[in-house]
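Report on the structure given below.
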Amino acid sequence: MSANTQQGRDIFPRDRQPTVRILAMPAHTNPNGNIFGGWIMAQMDIAGGVVAMEYAGGRVATVAVTSIEFHKPVFVGDLVSCFTRIQKVGSTSITVKVEVFVQRARDGKLLADQVTEAVIVYVAVNDDGSPRKLPERGPDFQQYW
Ligand SMILES: CC(C)(COP(=O)(O)OP(=O)(O)OC[C@H]1O[C@@H](n2cnc3c(N)ncnc32)[C@H](O)[C@@H]1OP(=O)(O)O)[C@@H](O)C(=O)NCCC(=O)NCCS
């Protein structure tokens, strides 16, 4: 449990909407009984893919996970929220920072903690899977940054 949760402060980001929210279920556990890291990575890839697809206005493919850090374990029953921000846009690629927070029910309260973060690169692709130039985007897409 982080210092922030021990002090009872709510660190859950209230000024942003999560891109993906899901409850961690018993089916997602590893042999230790905690939530399997591969399942968390899949949720992060989905969240990053959602914003990349919207920005690209079409299909995208994950080309690289340039960094990932698992700061804290995730437990069954945790409410998992993936927050995304576009970090960089190239000619065909979109780099997305994904931050994962959990909310955990304890004694009638929801305690928040940041558990994982990653930087994932997506490439806009044509129907044949080849890289596609990204469209120009205006202020409507500012919210993704
Ligand atoms: C994604 C894919 C179409 C890119 O094709 P490619 O021929 O490698 O494309 P390019 O070399 O022209 O690179 C395309 C963009 O990706 C970026 N890129 C490629 N490899 C990268 C890497 N390892 N890290 C970061 N960016 C990378 C390039 O810099 C380029 O960005 P830009 O156009 O914005 O400058 C191809 O690699 C592919 O199909 N990969 C498999 C995708 C997939 O199946 N993903 C799911 C995995 S389970």
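Residues: numbered from 1 along the sequence shown. We count ligands from 1, going down the list as the structure has it; atoms in each ligand are counted the same way. The model shown is predicted, which means the values in this text are computed figures rather than measured ones.
If you check each of Thr95, Val123, Asn126 against atom 16 (O) of ligand 1, the one with the closest non-hydrogen atom is Val123. Among Val89, Val63, Ile94, the residue whose heavy atom sits closest to atom 19 (C) of ligand 1 is Val63. One option in Val60, Asp45, Thr92 has a heavy atom closer to atom 15 (C) of ligand 1 than any other, and that option is Thr92.
Remark: atom 5 (O) of ligand 1 lies closer than 4.0 Å to at least one protein heavy atom. By the definition of a contact as any protein heavy atom under 4.0 Å away, atom 9 (O) of ligand 1 is in contact. When distances from atom 13 (O) of ligand 1 to the protein are checked, no heavy atom turns up under 4.0 Å. Protein non-hydrogen atoms do not reach within 4.0 Å of atom 38 (C) of ligand 1. For atom 28 (C) of ligand 1, no protein heavy-atom neighbour is found at a distance under 4.0 Å. The nearest protein heavy atom to atom 41 (C) of ligand 1 is not closer than 4.0 Å. The presence of a protein heavy atom under 4.0 Å from atom 44 (O) of ligand 1 is ruled out. Distances from atom 32 (P) of ligand 1 to the protein include at least one heavy-atom value under 4.0 Å.
Proximity to Val121 (heavy-atom distance under 4.0 Å) selects the following atoms of ligand 1: 25 (C), 26 (N). Per-residue contacts place Ala64 under 4.0 angstrom from the following atoms of ligand 1 (heavy atoms of the residue considered): 22 (C), 23 (N), 24 (N). With ligand atoms numbered from 1 in the order given, ligand 1 contributes 3 (C) to contacts under 4.0 Å with heavy atoms of Gly129. Of all atoms in ligand 1, listed by their number and element, those nearer than 4.0 Å to a heavy atom of Pro131 are 5 (O), 9 (O).
When Thr92, Val125, Val121 are each tested for a side chain to side chain contact (heavy atoms under 4.5 Å, CB included) with Val63, only one passes: Val121.
Of all protein heavy atoms, the one lying nearest to atom 34 (O) of ligand 1 is Ser93 OG, 2.7 Å.
Considering both main-chain and side-chain atoms, Ser91 comes within under 3.5 Å of ligand 1 through a nitrogen or oxygen pair. Taking any N or O of Thr62, backbone or side chain, at least one lies under 3.5 Å from an N or O belonging to ligand 1.
The side-chain heavy atoms of Val76 and Ile35, taken from C-beta on, include a pair separated by under 4.5 Å. Side-chain contact between Val98 and Glu117: absent, with no pair of heavy atoms (C-beta onward) separated by less than 4.5 Å. Counting heavy atoms from C-beta outward, Phe12 and Gln103 have side chains that approach closer than 4.5 Å.
By the neighbour-count criterion of 12 heavy atoms within 6.0 Å, atom CD of Gln87 is densely surrounded, having more than that number from other residues, nucleotides or ligands.
A salt bridge is absent between Glu54 and Arg137: the closest approach of a Lys/Arg side-chain nitrogen to an acidic carboxylate oxygen does not fall below 4.0 angstrom.
Closest approach of Val74 and Ala24 over heavy atoms only: CG1-CB, 4.3 Å.
No side-chain N or O of Gln114 forms a donor-acceptor pair with one of His71 less than 3.5 Å apart.
In this structure, Tyr55 has its ring center under 6.0 Å from that of Phe141.
Proximity of a side-chain donor or acceptor of Arg132 to a complementary backbone N or O of Ala56 within less than 3.5 Å is detected. Proximity of a side-chain donor or acceptor of Asn30 to a complementary backbone N or O of Gly33 within less than 3.5 Å is detected.
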